[in-house]
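Just below is one structure, and these are the notes that go with it.
In this chain, residues are counted from 1 in sequence order.
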Amino acid sequence: MEFKATFKPSSQLAVWVNLDLHVKILQSEKRFLSELENSQKEIIYVLTELMEDTSDETGKHIKRVADISKLLATLHHSLSDMEIDDIFFAAPLHDIGKITIPYEILHKHGKLTDEEFHAMQAHTTNAHNLLKKSSRRLMKAGDIIAYQHHEKWDGSGYPQGLKAEEIHIYARIVAIADVLDALTHVRVYKQSWDFDTAAKYIIERKGSQFDPYLIELFSHNLESFKKIIEEKS
């Protein structure tokens, strides 16, 4: 008896249709996530523009902090590409809470009083109260950075007094970037420092103010950090 293979066009067609549908769903999800991420970046841009208009933070400072943070994150042994991107795009929000600080305190020439300094410290918690409402990835990263970037490795920072690895790695990275850029540029309350003096100041605070491992990375790559400071000033 002779047997012939049977072919069921309808079954094969169903497989093709399902595969095509699956591909279209994946492409649609990818486009949606891309648009969502771009929307978050646009919101961050608008917020940082607002901060520039109300504080002594300039666009160049915000960009340099992002670039320094990205370099330090890239040197870290265990951060993924996505985490590095999150730090880069969220770092500009580090001082967004300053939009809530009275102008006369924010722009005061000279040392703040204890009362004024306490008011200035509130920019961290004020930023947290603003950003914590979002469930989006970049905004959550911005919340972490804005809330924790004044914490110190030894627990003497603010607002929560977090210690060592209780401080999120995003905030530990941006803390170094923020201090480096602030020291090497003019502020209403200080003159700029040269890079070597600022670097020495930061390295001396290894294990007290800053994460020891990050300071090791920083100290072994000083020329790369100096290049960012000098080229983007």
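Smallest separation of non-hydrogen atoms from Ala91 and Ala66: CB-CA, 4.0 Å. Of all non-hydrogen atoms in Ala177 and Ile68, the two that sit nearest each other are CB-CG2, 3.5 Å. Contact between Ser224 and Leu71 at its shortest, heavy atoms only, is CB-CD2, 3.7 Å. In plain terms, the two heavy atoms of Gln148 and Ala171 that are nearest each other are CB-CB, 3.5 Å.
In this structure, Phe210 is a member of the same hydrophobic cluster as Ile228, with clusters built from ILVMFWY side-chain heavy atoms closer than 4.5 Å. Transitive grouping of hydrophobic side chains (ILVMFWY, heavy atoms separated by less than 4.5 Å) brings Ile84 and Ile176 into a common cluster. Hydrophobic clustering, with ILVMFWY side chains joined whenever heavy atoms are under 4.5 angstrom apart, groups Leu183 together with Ile173. The hydrophobic clustering, which links ILVMFWY residues whose side-chain heavy atoms are closer than 4.5 Å, places Ile215 and Ile87 together. Note on Leu162: it does not cluster hydrophobically with Ile169, by side-chain heavy-atom contacts below 4.5 Å among ILVMFWY residues.
With ring centers used as reference points, His61 lies under 6.0 Å from His94. Checked against the 6.0 Å centroid criterion, the rings of Tyr170 and His149 do not qualify as a close aromatic pair. The distance between the ring centers of Tyr147 and His168 does not fall below 6.0 angstrom.
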From CA spacing to verdict: side-chain contact (heavy atoms from CB on, under 4.5 Å), Val174, Leu72: CA-CA 9 Å; Val174 175; Leu72 196 50; over 6 Å; no

Residues Lys206, Glu216; criterion salt bridge (charged side-chain N to carboxylate O under 4.0 Å, His left out); working and verdict: CA-CA 8 Å; Lys206 171 185 175 182; Glu216 284 295 310; 2.4 Å; yes

side-chain contact (heavy atoms from CB on, under 4.5 Å) evaluation trace for Arg205 with Val179: CA-CA 11 Å; Arg205 282 152 182 77; Val179 171; over 6 Å; no

Step-by-step side-chain contact (heavy atoms from CB on, under 4.5 Å) determination, Trp153 to Leu214: CA-CA 11 Å; Trp153 187 259; Leu214 292 176; over 6 Å; no

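Asp143 places no side-chain N or O within 3.5 Å of a backbone atom of Met139 that could act as its donor or acceptor partner. No donor-acceptor distance shorter than 3.5 angstrom exists from the side chain of Glu230 to the backbone of Lys227, with no hydrogens or angles considered. Of the possible donor and acceptor atoms, one in the side chain of His123 sits under 3.5 Å from a partner among the backbone N and O of Met120.
Side chains of Asp178 and His150: no donor on one and acceptor on the other come within 3.5 Å. Looking at Thr197 and Asp194, their side chains do bring a donor and an acceptor atom within 3.5 Å of each other. Side-chain contact of His77 with Tyr213: a donor-acceptor pair under 3.5 Å is present, judged by distance alone. No side-chain N or O of His76 forms a donor-acceptor pair with one of Thr74 less than 3.5 Å apart.
The side-chain heavy atoms of Asp181 and Ile229, taken from C-beta on, include a pair separated by under 4.5 Å. Contact of the Phe117 side chain with the Ile105 side chain is not registered, since no non-hydrogen atoms from C-beta on lie closer than 4.5 Å. Within the 4.5 Å cutoff, the side chain of Tyr158 has no heavy atoms near those of the Thr125 side chain. With contacts defined as side-chain heavy-atom distances shorter than 4.5 Å, the pair Thr113/Lys108 qualifies. A heavy-atom distance below 4.5 Å is found between the side chains of Phe195 and Leu222.
Note on Asp86 versus Arg137: salt bridge recorded, some NZ/NE/NH1/NH2 to OD/OE distance being below 4.0 Å. Residues Asp95 and Lys98 are paired through a salt bridge, judged by an N-O separation under 4.0 Å between the basic side chain and the carboxylate. One finds no salt bridge joining Asp196 and Lys200 here, because no Lys/Arg side-chain nitrogen approaches an Asp/Glu carboxylate oxygen to under 4.0 Å.
Atom CG of Asn221 sits about 10.0 Å away from atom CD of Glu223, to the nearest 0.5 Å.
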